[in-house]
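Below: one structure, written as structure tokens.
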Amino acid sequence: AVVSTQSGHYGREDRNERLSMRLAAFDAESLDDVPLAQQKEFYSVGMTPKQVTHSFIVTAEQALPVNYKLDVSHFFAGQYLDIRGLTINRGFQGVIRRWGYKGQGKFGRTKTH
């Protein structure tokens, strides 16, 4: 959902008016995870605090109204999206750390060093 839009030039050489549009997603599991300033911003537009927010620059024609729910119908077939994800940040690990394997038991193991 769109949280806010702010106008400005944003360092562009052509000095055309640009808008910074801020989107938010995923309801926050706990209000402790959301800073107080962001909580106030969400409540001012009538939204519950969200877990993920991201801002990007758009032109005035591309701007969406505040509190607009962005869903699949906004995109068309064949359009490419840049999607980011977050992993556990462990890098390449062996089976014990990756899957929580506890190792061989105490009894019945014959080939251990």
Side-chain angles (χ1 to χ4, degrees):
V2 178
V3 178
S4 65
T5 55
Q6 296 176 346
S7 63
H9 295 289
Y10 300 103
R12 303 284 297 194
E13 294 148 4
D14 57 4
R15 293 292 185 204
N16 289 336
E17 189 75 13
R18 302 276 191 221
L19 297 174
S20 172
M21 190 166 61
R22 187 166 182 196
L23 294 180
F26 306 116
D27 287 334
E29 295 174 6
S30 170
L31 291 180
D32 297 335
D33 300 336
V34 182
L36 188 60
Q38 284 186 1
Q39 288 182 27
K40 290 179 181 179
E41 183 180 4
F42 284 118
Y43 290 135
S44 69
V45 294
M47 296 173 70
T48 58
K50 305 293 182 187
Q51 189 171 2
V52 178
T53 60
H54 185 71
S55 298
F56 54 94
I57 298 172
V58 296
T59 60
E61 299 86 35
Q62 297 169 331
L64 300 172
V66 174
N67 221 353
Y68 179 82
K69 303 279 189 252
L70 193 65
D71 61 0
V72 178
S73 64
H74 185 75
F75 305 102
F76 56 88
Q79 186 176 10
Y80 288 100
L81 299 175
D82 185 17
I83 306 295
R84 283 191 260 175
L86 179 66
T87 62
I88 300 176
N89 295 329
R90 290 185 186 162
F92 292 102
Q93 298 295 326
V95 67
I96 292 176
R97 286 187 70 191
R98 185 173 183 190
W99 301 108
Y101 180 68
K102 303 293 186 210
Q104 293 181 341
K106 289 183 178 181
F107 303 105
R109 60 180 179 212
T110 58
K111 296 184 179 182
T112 58
H113 302 291

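The basis for the numbers below is simple: all heavy atoms, side chains too, and nothing from hydrogens, waters or symmetry mates. Computed from a predicted structure; not experimentally measured.
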- Closest heavy-atom pair, Leu19 versus Ala63, reported as atoms and distance to 0.1 Å, is CD1-CB, 3.3 Å
- Using the side chain to side chain contact (heavy atoms under 4.5 Å, CB included) rule, take Arg22 and Phe56 through it: C-alpha gap first, then chi angles, then the decisive distance, then the call. CA-CA 7 Å; Arg22 187 166 182 196; Phe56 54 94; over 6 Å; no
- Message: Could you check whether atom NZ of Lys40 has more than 12 heavy atoms from other residues, nucleotides or ligands sitting under 6.0 Å from it?
- Response: no
- Message: Could you list the cluster mates of Tyr80? Members are the ILVMFWY residues connected by side-chain heavy atoms closer than 4.5 Å, either directly or through other members.
- Response: none
- Note on the structure: Between Ala25 and Lys50 the two heavy atoms that sit nearest each other are O-CB, 3.5 Å
- Message: Can you list everything that forms a salt bridge (Lys or Arg N to Asp or Glu O under 4.0 Å) with Asp71? Sequence neighbours excluded, please.
- Response: none
- In terms of heavy-atom contacts, Pro49 and Leu31 come closest through CG-CD2, 3.6 Å
- Task: Taking atom CD of Gln79 as the centre, report whether more than 12 heavy atoms of other residues, nucleotides or ligands fall under 6.0 Å from it.
- Result: yes
- Item | Side chain Asn67, main chain Met47, donor-acceptor under 3.5 Å | no
- Message: Would you say that Phe75 contacts Leu81 through its side chain, given a criterion of any heavy-atom pair below 4.5 Å between the two side chains?
- Response: yes
- Keeping the roles fixed (side chain from Gln39, backbone from Val34), state whether a donor-acceptor pair exists under 3.5 Å. yes
- Task: Check whether any side-chain heavy atom of Leu70 lies under 4.5 Å from a side-chain heavy atom of Leu23, and answer yes or no.
- Result: yes
- Query: So, Gln62 side chain and Thr59 main chain: donor-acceptor pair closer than 3.5 Å or not?
  - Reply: yes
- Query: What distance separates Tyr43 OH from Gln38 CD, expressed to the nearest 0.5 Å?
  - Reply: 12.0 Å
- Query: What are the two closest heavy atoms between His74 and Leu64, and how far apart are they?
  - Reply: CE1-CD2, 3.8 Å
